[in-house]
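Let me begin by presenting the structure, written as C-alpha cells, before commenting on it.
When a ligand or atom number is given, it counts from 1 through the structure's own listing order.
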Amino acid sequence: MESRLITAVKNLAAKRAVFRLSELLPRLDDSYLDLSQEEVLADIQPHLTSLRLKAVRSEDDYIFSPTGQSPVIAPGEPETGPQAAFFAGRRIPALIERSIEEYITRKASKNWDDPETLARLKKAIVAQKDDYWRPAYQRRLRYAKGYSVLGYLAYHFPVYFMQAEHLLAMLAREGLLKPSANILDVGTGPGVVPLAIADFYSRLDNRKATVYSLERSEEHIEAFLFLRKQCTTKGAKVSVKAPIAMDITSPDLAKVPGKIDLMIFSNVLNELPGDSPDAGAGIVAALAGRLAPDGTVLITEPADEENAMRMRSLTVALLGHGFTIYGPCAFLWGTRCEAPRCWSFTSARPILPTHIMEVMRQDPEGFRYVNTDIKYSYAILRKDGLTRQECRPPADAKFLRLSKISQHVGKRINVAAAKMSGELGNPRSHVIKLCDGTAKAPIYAVMPGYHRTDENELIVKAPYGSLLELRGVLVRFNKAHNAYNLLVSRNTIVTGLEDTEV
Ligand SMILES: C[S@@+](CC[C@H](N)C(=O)[O-])C[C@H]1O[C@@H](n2cnc3c(N)ncnc32)[C@H](O)[C@@H]1O
C-alpha cells in the first residue's frame, strides 16, 4: 500500500507544479516530526522516478518540480555580488545613457543639450504627462511624432528600465527565470525591458535568453533598433531580436513566437482603448496562447490609484481565462479574489537623475522634468496553477477572515494577512494595506508613530508581499473611504505568519 508520505507528495504535486519540501512537511502526520528534512527526502527519493518528479537542493530547502521541466534559479541567488552592486549604484548603465543622448542628438539634428532641443524635449514631456492623466478614452498618445519618443527616452526610460531590473530580480528570486528562456515583451516601446533583460542577464552565470517583442509605433521601433545596435552584442547571453510591428488590439498570432517562458506587459495595458478590464484581459489571454505550459505572465503598471486598481481588476478578469494568480497576492483561505478597489503597489529606491535630467532641472520649473521615483503595481500569472506560497494559518490559530470584518467593528481581533503596500502614510501615522484574499473592502493597518514598539514594527519593516500575523488590532470603519482600519497599538504584536519566510 502507498505510504501516507507518498500520498501527501502526490496530493501536493497535483495542486502545485513546483513546491518545496518545507511546504510538504506541515502536511505530514506527527510520525515525521522527529525526522530531519534529509531523512524525509530519503524516504521520498526512491519514488521520485515513478512520481515523475525531481528534487533539487535550494539553500536550506529542496524544490520539487516535474522531470523535464527546466530548472530554476535558486531563490536568493541573484542579488549578491554584481547584482547587489548594480542595484546599489541606482543608475542605468552608462552605455545606455550615452546612447540615448546620441539618439536624441541624431533625431534632433542638434545636440541634445542645445537650448532648442531641450525646449522641445520639455514640451514633449509635459504633453505626455498631461495626456497620461486624461481618462483612457480621451488619450491621444500614439508616439507617432519623433519628440514624443525622445521625451519618453529622456523622462520615462530610466525609471522603467530600473523597475524592469527590480522585477527581473524578483522573478529570479522566485525561481521563475529559466536558465534558457524565450521571453516576449509586449508593447516594448524603445526596448526598455529587452535592454534591461540583456543587462540583468549579463550579471548572471550560466543563463541565457532570447527576447522577442511587439510594438506598433514606428518611432519607438526606430529608437529600439538604434539602442539595440549600440548596447547589445551578438553572441551575448541574451539575444535581443528586432521588434515585431503589431497592433496588439488585433494581434496576428501567427507572427508571435511560441513556447514563450515569460511574457511581459510593462506599462502598456493602460494605453489600450476602453475602460473595461475584460478587453485588456482578452488581449493578454489571446497572446498567452503562445505561452509554454509552465510559462509566466508578468504585468506591471504605474502605481497611481486609477491604473493600479485597473490592473488588479484586469488580473481578476484573467481568472476567467484559465489563469491563476501566482503573486504578489496571497490567498490564505483558498478563496477567489474580488479585488475590491485594490490599490496595491510596491516601490524601490529612487534612481539617481541621469545627465539629461540634471541639465533639464536647471530650468525654474526643473522638477517637472526629473523622474526618479520607482513605484509600480505588478501581478504574476500562471496557467499551471503554480502559486508563490501556499500557506494556511495554523488550524488552532484564531484569525478572523477579512471578509467578516464588518461584523467586528469596535472589537479587538487577530488577523493573518499579506502586506500589500509600502508606506501609504508617514512616520507620524503609518498606513499599510493588508489582504488575506477574502477582503470585500480595502483594509489598512494604521499605526500612530508613538505606538511603534519592537513587537509591532514588523508591520512597517516587512517587505511588500510578506505574510504577517497581527494579534490585538482594533477594528474601525473608515466612512470617508468605505474601508476598514485595523488600529495597531503598542499592545499589538506583529510577527511573520508561521511557516513563511518573512
Ligand atoms: C508607456 S509605453 C511602455 C514601453 C515599455 N514597455 C516600458 O515599460 O517602458 C507603452 C508602449 O505600448 C505601445 N502600445 C500601446 N498600444 C499598443 C497596441 N495597441 N499595440 C502595440 N503596442 C502598443 C506604445 O506604442 C508604447 O510603446
Side-chain angles (χ1 to χ4, degrees), residues 92 96 100 124-125 127-134 136-137 139-168 183-200 211-228 240 242-253 255-256 262-274 279-284 286-287 297-304 307 310-311 314 348 351 354 371 373-379:
I92 66 171
I96 296 186
I100 288 175
I125 290 169
Q128 241 164 67
K129 291 207 281 188
D130 288 350
D131 194 70
Y132 179 81
W133 294 111
R134 287 199 183 99
Y137 64 91
R139 292 217 201 143
R140 289 194 287 265
L141 196 56
R142 299 284 299 196
Y143 307 103
K145 296 201 187 106
Y147 265 94
S148 63
V149 170
L150 301 188
Y152 195 86
L153 289 170
Y155 186 82
H156 287 103
F157 185 113
V159 157
Y160 286 158
F161 178 95
M162 202 58 109
Q163 179 178 311
E165 296 251 11
H166 281 287
L167 284 162
L168 289 164
I183 304 178
L184 177 72
D185 181 39
V186 182
T188 193
V192 177
V193 172
L195 294 169
I197 294 169
D199 185 59
F200 184 77
V211 186
Y212 305 94
S213 56
L214 309 178
E215 172 56 50
R216 77 168 168 196
S217 147
E218 281 175 25
E219 287 287 341
H220 266 312
I221 290 177
E222 185 187 336
F224 184 175
L225 291 175
F226 177 85
L227 295 176
R228 180 179 82 133
V240 177
I244 301 164
M246 191 178 295
D247 185 332
I248 58 166
T249 55
S250 49
D252 181 353
L253 292 179
K255 284 193 187 163
V256 181
L262 174 60
M263 195 173 282
I264 302 178
F265 296 81
S266 170
N267 304 304
V268 57
L269 295 175
N270 72 77
E271 292 198 0
L272 297 179
I283 291 170
V284 175
L287 288 166
V297 171
L298 170 69
I299 301 175
T300 180
E301 287 287 307
D304 65 274
N307 281 301
R310 267 166 58 113
M311 189 210 76
L314 185 146
I351 61 165
T354 59
N371 183 23
D373 281 357
I374 307 182
K375 285 193 174 141
Y376 54 99
S377 296
Y378 75 89

Discussion item. If the cut-off is 4.0 Å to any non-hydrogen atom of Val268, which atoms of ligand 1 fall inside it?
Written reply: 12 (O), 14 (N)

Worksheet item: Hey, is the main chain of Asn307 close enough, under 3.5 Å, to the side chain of Asn270 for a donor-acceptor pair?
Response: no

Worksheet item: Going by the order shown, which atoms of ligand 1 are within less than 4.0 Å of some heavy atom of Met246?
Response: 20 (N), 21 (C)

Worksheet item: So is there a nitrogen or oxygen of Val192 less than 3.5 Å from a nitrogen or oxygen in ligand 1?
Response: no

Fill in: Proximal ligand 1 atoms for Gly189, defined as those under 4.0 Å from one of its heavy atoms
4 (C), 27 (O)

Worksheet item: What residue among Tyr152, Phe157, Phe226 forms ring-ring contact (aromatic ring centres under 6.0 Å, His included) with His220?
Response: Tyr152

Worksheet item: If you measure from CG on Asp252 to CG on Asp247, what distance do you get to the nearest 0.5 Å?
Response: 11.5 Å

Item to complete: Give the contacting part of Thr300 toward ligand 1: side chain, backbone, both or neither, where contact means a heavy-atom distance below 4.0 Å.
Response: neither

Item to complete: For the pair Gln128 (side chain) and Ser148 (backbone), establish whether a donor and an acceptor sit closer than 3.5 Å, ignoring hydrogens and angles.
Response: yes

Fill in: Between CZ on residue Phe265 and CD1 on residue Ile248, distance to nearest 0.5 Å
6.5 Å

Worksheet item: Does ligand 1 have an atom under 4.0 Å from some heavy atom of His156?
Response: no

Practice prompt. To the nearest 0.5 angstrom, please state how far the CG atom of Leu262 sits from the CG atom of Leu168.
Written response: 7.5 Å

Discussion item. Check for me whether Leu214 has a heavy atom closer than 4.0 Å to any atom of ligand 1.
Written reply: no

Worksheet item: Taking atom types as modelled and ignoring hydrogens, do the side chains of Gln163 and Thr300 form a donor-acceptor contact shorter than 3.5 angstrom?
Response: yes

Worksheet item: Quick one: does Tyr152 get a heavy atom under 4.0 Å from ligand 1?
Response: yes

Item to complete: May I ask you to decide if Gly189's main-chain N or O and Glu215's side chain share a donor-acceptor pair within less than 3.5 Å?
Response: yes

Worksheet entry | ligand 1 atoms in contact with Tyr160 (distance to a heavy atom under 4.0 Å) | 9 (O)

Discussion item. Using a 4.0 Å cut-off to any heavy atom of Ile248, which atoms of ligand 1 qualify?
Written reply: 18 (C), 19 (N), 20 (N), 21 (C)

Worksheet, complete the sentence: Honestly, for His220 the part within reach of ligand 1 (heavy atoms, under 4.0 Å) is side chain

Worksheet item: For atom 15 (C) of ligand 1, which of Glu301, Glu215, Glu271 has the closest heavy atom?
Response: Glu271

Response to the item:
Counting from 1 in the order shown, the ligand 1 atoms closer than 4.0 Å to a non-hydrogen atom of Asp247 are 18 (C), 19 (N), 20 (N)

Discussion item. With heavy-atom distances below 4.5 Å as the criterion, would you say the side chains of Thr249 and Leu272 are in contact?
Written reply: yes

